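See structure below.
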Amino acid sequence: MSEPFTDIKRSHFCGDLRKEDIDKQVTVMGWVHRRRDHGGVIFVDLRDRRGLLQVAFNPGISRASLDKAHTLRSEYVIAVRGTVAHRPEGTVNPELATGEIEVLADKLIILNKSETPPFEISERKDVSESVCLKYRYLDLRRPSVQKIFFTRHQMYQVIRNFLSNNDFTEIETPFLTKSTPEGARDYLVPSRIEPGSYYALPQSPQLFKQILMLSGFDRYFQIVKCFRDEDLRADRQPEFTQVDMELSFIQEEDIYGILENMMKNVFKEVLSTDIETPFSKLTYQDAMERFGLDSPDTRFPLELKDITSAVKNSSFKVFSQVAEKGGVIKGINVKNRSGLSRKELDDIIELAKIHGAGGLVWIKLTDDGWQSPVAKFLTETEKSDISRIMEAGAGDLLLMVADPSFNTVCNSLGHVRLHLVKRLNLQPSKKFQFTWITEFPLLDYSEEEKRWVAVHHPFTSPVEKDLPLLESDPGKVRARAYDLVLNGSEIGGGSIRIHRQNIQSRIFELLGIGSQEASLKFGFLLDALKYGAPPHGGIALGLDRLIMLMTGAESIRDVIAFPKTQKAACLMSQAPSPVDSRQLRELHIKSTGIKK
RNA sequence: GGGGGCGUAGUACAGUUGGUUUAGUACGCCGGCCUGUCACGCCGGAGGUCGCGAGUUCGAGUCUCGUCGUCCCCGCCA
């Protein structure tokens with residue numbers, strides 16, 4: 001029978017009591033973590049958000065409480081009054097922070113009972129993720145799970161304090177906003193008042209934060225949810241949190257400096273870790289050339305080398321034909337790994353193919369010479385050129401990819417590289433390696449849409465001296481855009497924006513967005529730009545990913561209190577779900593879906 | 001949209017070439033015993049739509065097809 005909660009007040013958290021509290025009368029409240037019933041004496045591990053505390057029920061202290069304690073079960077919510085006592089000789093538990101003491105209970109109140117939970121609230125997690133997510137409220141009771149959210153909270157506080165102390169103002173922007181072209185698919189919200197019209201949930205507060213700069217706030221930030229209706233990944237959720245910021249009268253270096261200081265603070269305050277500043281910088285081009293990816297993990301060697309010049313005339317047709325088409329041949333030298341098995345090589349080839357490569361050529365440099373399916377095609381000159389470029393010697397394993405597309409070569413080898421890092425269990429040179437990726441291309445030609453599309457977004461400023469290339473060679477124009485990469489994960493990105501209307505018009509023209517369409521889609525920003533826009537720029541960091549890296553979480557779901565599955569469903573609330581037909585009528589919506 | 005993995009008591013798993021009993025094991029749960037345990041211990045007990053639906057077969061947890069859920073990846077997404 002659960003009892004009323006009156007005339008009783010908690011005096012301490014369970015996890016906070018120490019031997020300094022011995023002889024104190026305390027009242028603690030929490031959940032029955034575990035009960036050990038010895039008949040004549042009962043121990044209960046009582047859990048609250050601060051930790052575990054052993055409560056002893058002893059007939060010498062209170063017969064009534066002991067009798068009542070027999071009825072306790074896992075996850076009952078109880079209040080216990082008692083005296084803090086040193087544990088008897090030999091019964092101290094060094095595993096517990098409170099292990100030197102226990103509370104001798106003289107009063108027990110059962111505040112609430114619990115059904116047997118579907119799984120133990122234990123740190124030995126042998127429960128599948130979908131069961132955890134269905135009962136997320138129980139999963140969240142685990143101390144290790146709670147710890148992530150305490151850490152996350154702490155990170156928020158450091159960020160807010162830092163930015164506030166640096167003249168940033170936190171301003172909220174609308175969630176019910178306007179759908180914009182470009183970028184990700186929007187989540188739409190139908191308008192009840194305006195039939196056939198829709199709001200979109202923001203993919204980011206991009207346009208609004210630029211407007212705030214035009215309004216003269218000078219520095220803005222917001223810790224804010226963003227929404228993107230795209231397929232999920234281990235590090236992608238449909239709604240996620242960014243710290244979004246925008247600054248006026250600044251250049252790239254100003255933003256780098258502020259972010260570096262902010263991250264220094266975050267890591268110091270939250271993890272007591274000193275990180276190195278300024279962060280290293282890599283141009284997009286160098287990142288691709290050396291690491292194959294635009295979010296390179298630079299903590300490991302195994303860099304890509306370009307061997308096009310060495311094999312462009314090779315009698316191995318795959319190489320020579322790719323070179324003829326203007327493609328490249330790149331390779332990785334895996335030092336002292338010529339002993340890798342056929343199976344492992346096959347896995348690597350398969351991985352390269354998944355990432356777009358037609359295939360992958362391997363060469364084992366053994367003491368008996370070059371062992372490879374393509375060895376017989378290579379001349380001695382070609383071999384020595386390859387060896388020179390790749391700094392290869394006996395015992396090494398060379399992996400090469402050739403493709404007409406530079407990006408395909410880099411991307412596939414970049415992923416092969418990461419696979420090798422994991423497979424060979426290479427140790428990172430640093431725990432946290434931040435890198436700025438700079439000089440992204442402004443535009444990318446979309447074969448699918450047959451037009452140029454913005455790599456970052458359409459308001460990103462081109463590099464001033466590349467402006468003449470806008471019309472002549474758009475693919476060569478560099479953007480004043482930058483990404484922040486931590487240990488091979490992109491955790492943020494931003495750019496200096498276009499604040500001059502004539503340049504914005506040229507960009508829209510390139511993107512095939514007519515002036516009519518432009519004013520329809522984001523006319524308010526274009527209008528605003530006419531009224532004295534200061535030079536401005538900003539950045540946004542994905543806080544879910546950042547906290548993942550800080551806590552070592554394997555999945556983004558681990559750092560979100562109520563995450564969604566890969567099909568964007570919430571297993572706890574059962575969202576999304578069908579709605580009443582009356583709701584649809586009010587919203588002037590008729591579903592064409594055929595979910596049985 | 002595509003490729004791959006997984007799905008068996010509350011939970012985590014085992015289940016052989018398709019044929020051994022009533023589909024097992026551990027934890028949890030229920031009952032009993034137990035005054036120093038701490039993943040307490042001992043004795044006993046209950047608990048199964050083998051995800052769902054077809055098919056092959058004398059016979060399916062096991063094979064085939066479909067479907068649903070979940071995870072990883074490609075495309076997509078900064």
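Proteins come first, then strands; the chains are lettered A, B, ... in the order of their sequence lines, and each starts at number 1. Bear in mind that the values here come from a model prediction, so they are computed numbers and not experimental data.
Looking at heavy-atom distances under 4.0 Å, A:Pro59 makes contact with a base. Nucleic acid contact for A:Arg228: sugar-phosphate only, since backbone atoms but no base atoms lie under 4.0 Å from a heavy atom of the residue. Across all strands shown, A:Pro118 has heavy atoms under 4.0 Å from sugar-phosphate atoms exclusively, and none from any base. Across all strands shown, A:Arg233 has heavy atoms under 4.0 Å from base atoms, whether or not it also approaches the sugar-phosphate. Among the atoms of the strands shown, base atoms are found under 4.0 Å from some heavy atom of A:Glu102. A:His457 comes within contact range of no nucleotide atom at all, as no heavy-atom separation falls under 4.0 Å. Across all strands shown, A:Glu120 has heavy atoms under 4.0 Å from sugar-phosphate atoms exclusively, and none from any base.
Applying the ring-ring contact (aromatic ring centres under 6.0 Å, His included) test to A:Phe300 and every residue at least two apart in sequence or in another chain returns nothing.
Rounded to whole Å, atom P of B:A78 lies 12 Å from atom CG of A:Asp229. Atom CD of A:Glu115 is separated from atom C1' of B:U11 by 16 Å (rounded to the nearest Å). Atom CD1 in A:Ile42 sits roughly 16 Å away from atom P in B:C38 (whole-Å rounding).
Across every strand in view, B:G45 sits in a pair with B:C29 that passes the Watson-Crick or G-U test at under 3.5 angstrom.
Stacking is found between A:His38 and the pyrimidine-like six-membered ring of the B:C40 base under the 5.5 Å centre-distance and 30° plane-angle cut-offs. With its ring centre under 5.5 Å from that of the base six-membered ring and a plane angle below 30°, A:Phe43 counts as stacked on B:U37.
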- Going through the checks in order, is the salt bridge (Lys or Arg N to Asp or Glu O under 4.0 Å) test met by A:Arg557 and A:Glu129? CA-CA 10 Å; A:Arg557 295 180 297 278; A:Glu129 192 180 359; 2.4 Å; yes
- Query: Hey, mind stepping through A:Phe227 and A:Phe175 against ring pair (Phe, Tyr, Trp, His ring centres under 6.0 Å) and telling me if it holds?
  - Reply: CA-CA 9 Å; A:Phe227 306 87; A:Phe175 274 5; 5.4 Å; yes
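Evaluation of the salt bridge (charged side-chain N to carboxylate O under 4.0 Å, His left out) test over residues 66-81 of chain A, restricted to residues two or more places apart or in two chains, returns A:Glu3-A:Lys68, A:Arg47-A:Glu75, A:Arg63-A:Asp67, A:Glu75-A:Arg141, A:Arg81-A:Asp106.
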